[in-house]
Amino acid sequence: MIDLSIRIGSLELKNPVLTASGCFGVGREYSEIYDISSLGGIVTKTITLRPREGNLPPRIWETPAGMLNSIGLANPGVKSFIETEIPFLRDIECVRIVSVAGETIGEFVELVGEIAPLEEVDAIEINISCPNVEQGGLTFGTDPVVITELVGKLRPVTKKPLWVKLTPNVTNIVATGKAAVDAGADALCAINTLLGMAIDTDTRKPRLGNVTGGLSGPAILPVALVKVYELYREFPEIPIIGIGGIGSPTEAIAHMLAGASAVQVGSGLFSYPRLPLDIIESFEEYCDEQGFSSVREITGSLIIPEI
Amino acid sequence: MIDLSIRIGSLELKNPVLTASGCFGVGREYSEIYDISSLGGIVTKTITLRPREGNLPPRIWETPAGMLNSIGLANPGVKSFIETEIPFLRDIECVRIVSVAGETIGEFVELVGEIAPLEEVDAIEINISCPNVEQGGLTFGTDPVVITELVGKLRPVTKKPLWVKLTPNVTNIVATGKAAVDAGADALCAINTLLGMAIDTDTRKPRLGNVTGGLSGPAILPVALVKVYELYREFPEIPIIGIGGIGSPTEAIAHMLAGASAVQVGSGLFSYPRLPLDIIESFEEYCDEQGFSSVREITGSLIIPEI
Amino acid sequence: MPVDILSEVTCVQNIADGTFRLVLDAPEIAEKARPGQFAMVGFGSPFYDPFLRRPLAFAKAEWGRIEFTLRVVGWGTALLADISTGDQMPILGPLGNGFEKPEGRAILVAGGIGLPPLAFAASRWKDVVLLYGEKTASALCHLPHELECEKDIATEDGSDGRKGLVTDNLEEHIKKKPGTVYCCGPVPMLKEAVKICRGLNVRCYVSLEARMACGVGACMGCVIPAINGYKRVCKDGPVFDADEIDWEALGD
Amino acid sequence: MPVDILSEVTCVQNIADGTFRLVLDAPEIAEKARPGQFAMVGFGSPFYDPFLRRPLAFAKAEWGRIEFTLRVVGWGTALLADISTGDQMPILGPLGNGFEKPEGRAILVAGGIGLPPLAFAASRWKDVVLLYGEKTASALCHLPHELECEKDIATEDGSDGRKGLVTDNLEEHIKKKPGTVYCCGPVPMLKEAVKICRGLNVRCYVSLEARMACGVGACMGCVIPAINGYKRVCKDGPVFDADEIDWEALGD
Ligand SMILES: Cc1cc2nc3c(=O)[nH]c(=O)nc-3n(C[C@H](O)[C@H](O)[C@H](O)COP(=O)(O)OP(=O)(O)OC[C@H]3O[C@@H](n4cnc5c(N)ncnc54)[C@H](O)[C@@H]3O)c2cc1C
Ligand SMILES: Cc1cc2nc3c(=O)[nH]c(=O)nc-3n(C[C@H](O)[C@H](O)[C@H](O)COP(=O)(O)OP(=O)(O)OC[C@H]3O[C@@H](n4cnc5c(N)ncnc54)[C@H](O)[C@@H]3O)c2cc1C
Ligand SMILES: Cc1cc2nc3c(=O)[nH]c(=O)nc-3n(C[C@H](O)[C@H](O)[C@H](O)COP(=O)(O)O)c2cc1C
Ligand SMILES: Cc1cc2nc3c(=O)[nH]c(=O)nc-3n(C[C@H](O)[C@H](O)[C@H](O)COP(=O)(O)O)c2cc1C
Ligand code: FES
Ligand code: FES
């Protein structure tokens, strides 16, 4: 029997497969399709202090082996979220992570303050990497000094694990990762989407109402893997959650080999809603094949041939 | 009749379609397949001061809608290049650009000094964005201060146009672009490859001998477009050469709409060696459809709907 | 409750200009699918381009089989039309709210490839008139032939049926025998139908389209402007009361 | 001079376990292609995954047609095997150096899907012996049947021909009638053949494989370690004098 369980800091997950923020709602819709309690965990859509309508449609555009989105953090705001969505999370038997984003450090503090007391929430993901909003988002995620300050202010607010979700749209992800780790982040999530755009050459207009959007899907897998690899080499002790480009179990395994302790499946859900379940199964087979007794042995077991 | 000619600074090109560095050699091989003089221009493989064997194979890996390469600037060195390749360029009736990369500013100066006197060369592309070498490459391309110094030192060495090729692996390409422009660059080329990696989950080894490589091909189109768009909005007067993800004429047109004055076709050549010719043809049709009399009218003619 | 299955193609047929009939074995979906609902149809390829599934409305659902009528408008639909009998296709469905069955008469207004969900409704409901318009005779689809309801078929060039637009006779039909109007087709056609319905003060439902990623309501990608905020086409729709929609913001 | 053309498929046939015969109309290529040369074969799809063309050696070239023998080893080759008669495939070729015709006897050593270029050579040359090995009978390909030369066919499990490896009898064949040795197949097989040839001091050529992007020599992507630096498989090869190769650095 292969041990599929992992630990991310103090949290125990029954397996290392989660769903990524913004691609799974709170799981309500997907729970109609399969039992989401068999996942390792779920990350909710990013919640903000006030309700957000989100960006002008169209918000979705398909690109070669990927997609652009410019949802713009559409969500009902934390108050309404706690009232209407948190009860749904109560009976979900996997780790439940709420993703939050503020426009200011003060807003982040307030948000974490609201979420922290909820026993339906096992960890909080700090989204400082959304490319689709004017305030917050990338302005936070690209500056190590701001990240240190932000995470430093959040750390005292809660004992719950704080995961920090990093953007790949930086020169040096190790610097932004280090800023988060130094200030007390429990885990690093990498990556959020790459900034991108698409153009309708017939109308000469952008394909997205918001002009630019975030690129996700298998197209970005090579970028995601290198970011996870860079972070893992630098912080072998900090759990890394690999996100980006997972369209089949192979890519999830690649993330783990590069150094991820767990993975989140994002837009791959749209092609294969059951993909997380397939990945869990494949991890078991893979451990068997490789002679591993625990899925934890996959993490970082990439072999770099000596040159 | 549609006017296909463009100007990049003082240089006149008969059309805005070039081949990208590293994907076309000096054109020798492709000249066996079609008449490369019908292109707008060609950019040679990047040349260094000393010969380089390049990186350990495998150097190529296919990814979803793209590819990774870790060639590592394999080239015979500038001396041998001038002897063996420059004569081939003599009779090519399109704009001939030599790409150069040094490991130090001194090397760059020396290289440009060697290339500058050659009448077979119409412009020089400064490659500060190769992700596949340890010295030079990204260390130059990510720091605006270094870029200003570098381009500032190169500017007095030659009257030939200096094009600076930017990397997308930065937080802010407008900052690196500005550094180049302020120091006297005649054009900005965007983008070089995105840093990426791929893993063979069976052997647990990286797919590339050099572990990481550069991602190119249609997968990166959305990223390339947004970089061109950002640069064009900031520097409407500076010619931008759009590179990245061009796999069919549509993507070339998209680059022009986003703000490129010309395009370079890179790995799209591998799928369709004749792609540059198809693009030239399509530009003519496109101008007809859109009621443009010159291909120059496409540049930056993206319509941003008011919100 | 939608299911996500691999479903076997039992029939592919080119039935009109660029228009294909796809029949699939999918008992779990067939027993649940209602008119106006749709499925997210995948390509079942190990490659990642195209990446997203395509939304297709049910044209029929009976005897354990589901049927789509597919019009090729881009490369994704071309690829779907190129499948063969015996192939396995990933199907997620049924999705969306579907049409609500009216009390009395139903006046169905179908423009072009808007036909399938309305033909499905016509096959299940009583007291129905189906108005169906196409550009030209060769684009007309087979579905109406299989229906016994009252029909009013128009082509823009008059090459078959009445010459004109599908909405030309809508006012007349409503006046002759009032009922609830259900529309599916290009936005300009919807707008025209809505205008007519408003003039006559009859209730009008429209089935809308939007680019979709998840298809289940999770990603907020497929929103359209409604009177009080954005609505998700995949989950809150695709069928909306015409009065809910902010028609001006919707564009064409 | 290679040409880049769209070429019509005239025949697709499953000839052995996962092995397909593809015949295409390509007069411009057929008249030039020589044994040991190859083509970059594209997918002709509007989608970008798969992105790169696949290198395939010519198995035949005559009467305006070219033939490939394709073994499915991954998704790209599976997609190529799935084409139909009448489809158009992008073909860039002929590429590479090809085998140099020997003065005297040619001893051809083909392991598995290394067969096609050597079968092509056998069909064009005189005084040839073809050694061909597969794992098992069901993997054996049709090409040798069409050849009139001397043959020595082996399967690892003895289910057809001689039981054993293709190289088992190489020494014997060379000793019986010396000549130039040409090999194509898995690297371990090549290494074994090279060892035998060195022991007997006969000239040995090998056809190597590498992942390719351009296929024409422009990108420096397909290099293998040679005695004095890297060589491009697509342009300097795919055929190399065994003595040129740095076998140790090559790996398996
Ligand atoms: C609820 C619903 C039901 C539908 N039912 C049918 C049907 O029964 N028969 C039929 O032929 N078509 C139907 N469509 C439209 C069909 O989904 C599109 O024609 C198809 O997605 C186009 O894909 P493509 O790759 O060929 O086009 P492209 O334009 O090349 O597609 C590019 C991208 O745009 C999206 N897209 C393009 N047009 C549409 C559209 N009209 N709606 C949604 N996304 C689009 C594609 O999904 C893809 O991501 C329906 C759409 C919706 C929303
Ligand atoms: C000069 C030459 C001649 C060849 N002739 C033949 C032939 O006649 N018949 C035949 O069946 N095969 C031949 N091959 C091998 C064939 O090209 C590969 O089997 C094929 O590229 C695998 O593609 P895939 O997508 O199925 O495999 P995957 O492993 O899924 O491919 C992934 C990537 O690796 C590359 N790749 C994988 N294996 C090889 C390989 N062995 N050589 C080069 N690239 C590879 C692919 O091109 C692709 O980019 C030849 C290779 C070379 C270099
Ligand atoms: C439609 C959509 C909405 C998203 N919304 C959010 C979000 O609200 N918060 C967040 O942190 N990431 C969001 N993301 C990013 C994903 O969580 C993930 O980081 C990214 O898509 C890369 O993973 P993938 O390639 O598996 O999709 C969103 C992605 C998509 C496609
Ligand atoms: C095989 C290969 C080799 C390359 N070598 C170089 C190089 O020597 N110098 C350089 O500036 N860019 C090099 N590039 C980058 C391309 O010029 C181009 O910037 C990049 O590939 C993005 O364009 P594309 O998506 O059209 O390929 C190389 C790219 C590839 C695929
Ligand atoms: S497509 Fe995801 S919410 Fe509708
Ligand atoms: S594949 Fe480009 S040099 Fe060989």
Side-chain angles (χ1 to χ4, degrees), chain A residues 19-34 44-46 51-76 207-209 213 216-219 221 245 247-248 250-251 266-275 277, chain C residues 1-6 28-29 32 39-55 74-76 79 90-96 208-226 228-236 246 249-252:
Chain A
T19 53
S21 179
C23 302
F24 200 69
V26 291
R28 201 187 283 282
E29 294 80 15
Y30 286 94
S31 73
E32 296 185 355
I33 308 174
Y34 52 84
T44 70
K45 172 79 193 156
T46 297
R52 288 179 63 97
E53 274 285 325
N55 291 328
L56 196 73
R59 293 177 175 181
I60 294 284
W61 182 251
E62 192 182 48
T63 67
M67 63 177 287
L68 287 165
N69 87 79
S70 62
I71 309 295
L73 300 187
N75 82 94
R207 292 288 191 180
L208 297 174
S216 64
L221 174 75
S248 83
T250 319
E251 291 102 38
S267 32
L269 285 162
F270 308 150
S271 312
Y272 293 100
R274 310 180 71 89
L275 178 55
L277 307 182
Chain C
M1 296 287 183
V3 295
D4 184 32
I5 55 168
L6 266 185
E28 309 93 311
I29 298 179
K32 289 185 264 182
M40 291 296 279
V41 180
F43 299 92
S45 141
F47 297 103
Y48 293 116
D49 187 18
F51 178 53
L52 297 173
R53 295 188 181 199
R54 299 295 188 262
W75 287 335
L79 194 61
I91 310 272
L92 171 66
L95 301 169
L208 295 181
E209 293 191 358
R211 306 186 182 288
M212 292 185 183
C214 73
V216 299
C219 78
M220 312 303 275
C222 63
V223 299
I224 45 101
N228 36 27
Y230 290 122
K231 296 264 183 200
R232 297 165 300 179
V233 171
C234 70
K235 187 79 180 182
D236 306 316
D246 180 346
L250 186 66
D252 275 354

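Below, read A as the first sequence line, B as the second, and so on, with proteins coming before strands; counting in each chain starts at 1. Predicted model only: the values in this text are computed from it and were never measured.
One finds the SG atom of C214(C) at 9.5 Å from the CG atom of L269(A) (value rounded to the nearest 0.5 Å). Rounding to the nearest 0.5 Å gives a distance of 8.5 Å between CG of N75(A) and CE of M220(C).
The two residues Y272(A) and S45(C) have their closest heavy-atom pair at OH-O, 4.0 Å. Residues Y230(C) and L56(A) share a closest heavy-atom pair of OH-CA, 3.5 Å. Annotation for C219(C) and I71(A): closest pair O-CD1, 3.2 Å, computed over non-hydrogen atoms. When every heavy atom of F51(C) is checked against every heavy atom of G268(A), the shortest pair comes out as CZ-N, 4.1 Å.
Within the 4.5 Å cutoff, side-chain heavy atoms of W61(A) are placed close to those of R211(C). For the pair F24(A) and V216(C), the minimum side-chain heavy-atom distance is 4.5 Å or more. For the pair P90(C)/R274(A), no side-chain contact is recorded, criterion being any heavy-atom separation below 4.5 Å from C-beta on. S271(A) is not listed as a side-chain neighbour of Y48(C), based on a closest heavy-atom distance of 4.5 Å or more.
When heavy atoms are compared at a cutoff of 4.5 Å, L92(C) approaches chain A solely by way of its side chain, counted from C-beta outward. The contact between A213(C) and chain A is made by backbone and side chain atoms together, counting heavy-atom distances below 4.5 Å. Using a 4.5 Å cut-off between heavy atoms, I33(A) touches chain C through backbone and side chain atoms alike. Heavy-atom distances place no part of P46(C) under 4.5 Å from chain A, backbone and side chain included.
Under the 3.5 Å distance criterion, the side-chain polar atoms of R59(A) are left unmatched by any main-chain donor or acceptor of V223(C). Not a single donor-acceptor pair under 3.5 Å links the side chain of E32(A) to the backbone N or O of P2(C). Panel note: side chain E53(A), backbone G229(C); no donor-acceptor pair is recorded below 3.5 Å.
Top candidate by heavy-atom pairs under 4.5 Å with chain C, chosen from P64(A), P273(A), G22(A), is P273(A). The choice from G54(A), G25(A), A65(A) that makes the most heavy-atom pairs within less than 4.5 Å of chain C is A65(A). Taking A74(A), G247(A), C23(A) one by one and counting their heavy-atom pairs under 4.5 Å with chain C, the maximum is reached by G247(A).
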